[in-house]
Amino acid sequence: MAAPLSTVVDVYFTDTKRTRLSVTNPCRQKGIRKCFIHCSTSNSTPEAPPTPTSDSKKKSTSLSDQLAPLANKTLSTVAGDQSYAFSKGKSTWVNPTKAKRTVLSSERQKRATYSYSPQLKDLKRFVHKLNQCGSSEDEFLPSLEEIPRPLTRENVLLILNTLKPWQKTHLFLDWIKTQNLLPMETIFYNVTMKSLRFGKQFALIEELAHQMIDTGVPLDNITYSTIISCAKKCNLYDKAVQWFERMYKTGLMPDEVTYSAILDVYARLGKVEEVISLYERGRASGWKPDPITFSVLGKMFGEAGDYDGIRYVFQEMESVGVQPNLVVYNTLLEAMGKAGKPGFARGLFEEMIESGIVPNEKTLTAVIKIYGKARWSRDALELWQRMKENDWPMDFILYNTLLNMCADVGLVEEAETLFRDMKQSAHCKPDSWSYTAMLNIYGSQGDVDKAMKLFEEMCKSGVELNVMGFTCLIQCLGRAMEFDGLVRVFYSSVERGIKPDDRLCGCLLSVVSLSQGSKDEEKVLACLQEANPKLVAFIQLIEDEKTSFETVKEEFKGIMNSAVVEVRRPFCNCLIDICRNKDLLERAHELLYLGTLYGLYPSLHNKTDEEWCLDVRSLSVGAALTALEEWMWTLTKIVKREETLPELFLAQTGTGAHKFAQGLHVSFSSHLRKLAVPFRQSEEKVGCFSATREDLISWVQSNSTAAATAT
DNA sequence: CTAGGGTTAG
C-alpha cells in the first residue's frame, strides 16, 4: 500500500547540496553480470535489466490517478512512516563534496591483554559450583565467602566471564565493589553488561552505565556498543540512539564496531536516509566498511524492497574491495527476494557456490523461499535435489520453508514426503508451522478430507494450531462449501482462545460471499459478526440501496484504515463479490472505484503506446468482472471521442497453480462472451485475452448502431 | 574459553 511518496528526500538532498550521480550499469558489476548469465539459462523469466525508460513507460493512467484531485486518497499505513525516494527515484545519491569532519575513529579500540593465573583450574571449578546454586542473593552471596584468594584483577575477570546466569554476574560485580579490594575498571562493567545483555536486562545495563558515570569509570567503545546492542535486542531503539548521541557529546569517537551497531539501529528504524548519510560520512572520513556493514545495509534495503539500494551495496563492496562472506550472501539473497528479484537471487546463489562458499540453512531457506514465491517449481526441485546430494545442512526452519514452497508451487506429494521425513527425523519434528503449511496445501487443493484428518491428528498430537492454521482450514472448508464444518471449526478456534486477525476475517468475508444464497448464509455471517462486527455492519450498509455513496466512502475508508495493509485488497474484492451476488452492480462499481481511489489496485491498468493491459490477476471473480465492465465503458467512450488508441488490448487473468485459483480465467472468459466483447484467448500468452484496435472500434460502432436501431 | 557490531518462516 502506497503511502504517498513524499518529497522529503528531495528536500533533504537539496538541503545538503547533494548532486545526483547516475547509477553505473549494473552489468559492470561482477555479481550482477553473472546473475544475467544464470537468468538466461533457466525456465523462468529473468528480470529485465533496469533501464532508464522502464519507469516512464509505466506512466500511470489508472483511474485512481485520473480521479486523484477529487479526493484525499490516502490511507494510513501500519508500517513506519518513513518514506524515501532513494529507490523510487531510480538513482543513487552520493555526496561527493569534500570530506566532512571525522565521524568515526580509524582504529578499532585495542583490547587490553590479560592472562589467567595458574590456579585457573581451581577457580574454574569453583565458578562452576557457583553456577549450580540458586541465583537469589540469599543463596549466592554466602557461597562467595569460600572464594579462593587472592582476588586479583584476572581472577575477577575470569569469574565475571564464567558466571551464569546474569543475576549472579550482576551480584558478583556489586560484591567486588563492596569488598573494595580492587579499583573498579571499565572492563569489569563491560563483562557484566555482556552477561546482562544475554538476559535482555537493559534497565540494569543502563543503571550500571549511570553508575560508571557517577563514579568516574570511563565508558569506552565496548561499553557503548554493548549498551547499543542490548537496547537493540530489547527493541529500545530510541535508547540506543540516545546513548550513541551521548557518546559523541562526551567527545568519544565511535570505532567501526560501534558505528556499524548504530547503523543497524537506524536501519531497523527504517531511517534509510540517516543510514546512507552516516555511511557516507563515515566513508568520507576514510573508513573502510567491512562485511558486517554491508550486511546491515543489504538487510535494510531488502526490508525496503529497494533493488537500487541493493545494487548500491554491490557497488560499494566492489569499490571498497570487500568480498561478500556467507552472512553477506545470505542477507543479500534475502534482500533480492524481498525486492522481488528472483532471477538475480538465483544468479547470486550460483556465484556464491562457485566462489567456494558452502551454503548454510539460512542460505537455503532464503533461496527456497524465493523460488517458491516466484512459483519456480523446477528451480526449487533442482535445488532440493542438490541439497540432498551435497548433504547441505538442514534444520526445521528449512524443512518448513520447503513445505511452504510446496504449497506455493502446488507440490502435494513432495510435501507429503517431506512431512513424513520430518515425523521420522530426530530433530525436525513437525511443529505448528509444518502443520499449517500442510493445511495450506490441502486447502489450496480443495482436499477437505486430508485437511480435516490433519486437524484431528494435530489435536491428538498436542501441536497447538495457531490463527494461521485455522485460517487455512476455514478457507479450505469454505471453498468446499462445507459451511457446517466450517462453523464448528471457527467456534472451536474461539474456544481455544484464538484471536481472529484481519486475515481470518478476510477469509470469513470471502466465505460469506460463497455462502450467499445457501441456507448457511446466516451462520457464516454470525461467525464474521463474532470476529469483526464492523465488517458485518458495513455489509448491511452497502446492501441497503438507500445508502449514499458518500456514506459508503466514509465507512469504506474507516474499514480499510483499521485493517492491516495486506488484507485491504482482499477485503475490497470480497465486498465487491458480495454486492454482485446480490445483483447490486452499481454498488460493486462504487466499491471498485473506491478501492482504486485508495490505491488497492495499483497495477490494474498498464499502458504503453503499443498496448493497454487490464491485469485482473489479483482480483476476485466479481471484482474482475466489474473491472472489465468499467474498462469497456471507458474504452467505448474513448472510441466515440476518437481519441488515440494503441494497436493491442490485453486482459490478463493468469492461470492459477491451485485448483481454486483457476476459476478466474473461466469466469472471465464467459463474461467476455456475455458482454459480447471482441476479446479472444491469446495464442502467445496463456491466461491472456487480446483484442486489436480494429476489433474494438467495430464492436463499438456495431453496438451504437444497434442502440440507434433499437430507439 | 577470557569485554563490543551483521543473516533463516505465513
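With rounding to whole Å, Met394(A) atom CE is found 13 Å from dT8(B) atom C1'. Between Met405(A) atom CE and dG10(B) atom C1' the separation is 15 Å, expressed in whole Å. In this structure, CD1 of Ile370(A) is placed 13 Å from P of dT8(B), rounded to the nearest angstrom. If you take NZ of Lys338(A) and C1' of dG10(B), they are 13 Å apart, rounded to a whole angstrom. The separation between Trp433(A) atom CH2 and dA9(B) atom P is 8 Å, rounded to whole Å. Here dT8(B) presents its P atom at 17 Å from CE of Met336(A), a figure rounded to the nearest Å.
With dA9(B), dC1(B), dG10(B) as the candidates, the nucleotide lying closest to the side chain of Lys124(A) is dC1(B).
For Trp433(A) and Phe396(A), the ring centers sit 6.0 Å or farther from each other. Annotation: Tyr435(A) is not in aromatic contact with Phe455(A) [ring centroid separation under 6.0 Å not met].
Within 4.0 Å of Ile397(A), counting heavy atoms only, lies at least one base atom of the nucleic acid. Within 4.0 Å (heavy atoms only), Tyr399(A) reaches no atom of the nucleic acid at all. As judged by a 4.0 angstrom heavy-atom cut-off over every strand, Thr436(A) is placed among the base-contacting residues.
Annotation for Tyr248(A): atom OH counts as buried by contact number, over 12 foreign heavy atoms lying within 6.0 Å.
Within the cation-pi definition used here (under 6.0 Å to the ring centroid, within 45° of the axis), Lys164(A) does not qualify as a partner of Trp166(A). For the pair Lys271(A) and Tyr266(A), the cation-pi criterion (under 6.0 Å, within 45° of the ring axis) is not fulfilled.
In this structure Arg496(A) satisfies the side-chain hydrogen bond (donor to acceptor under 3.5 Å, both in side chains) test with no other residue, sequence neighbours excluded.
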Per-nucleotide protein contact string for nucleotides 2-7 of chain B (B base, S sugar-phosphate only, - none; heavy atom under 4.0 Å) = BBBBBB
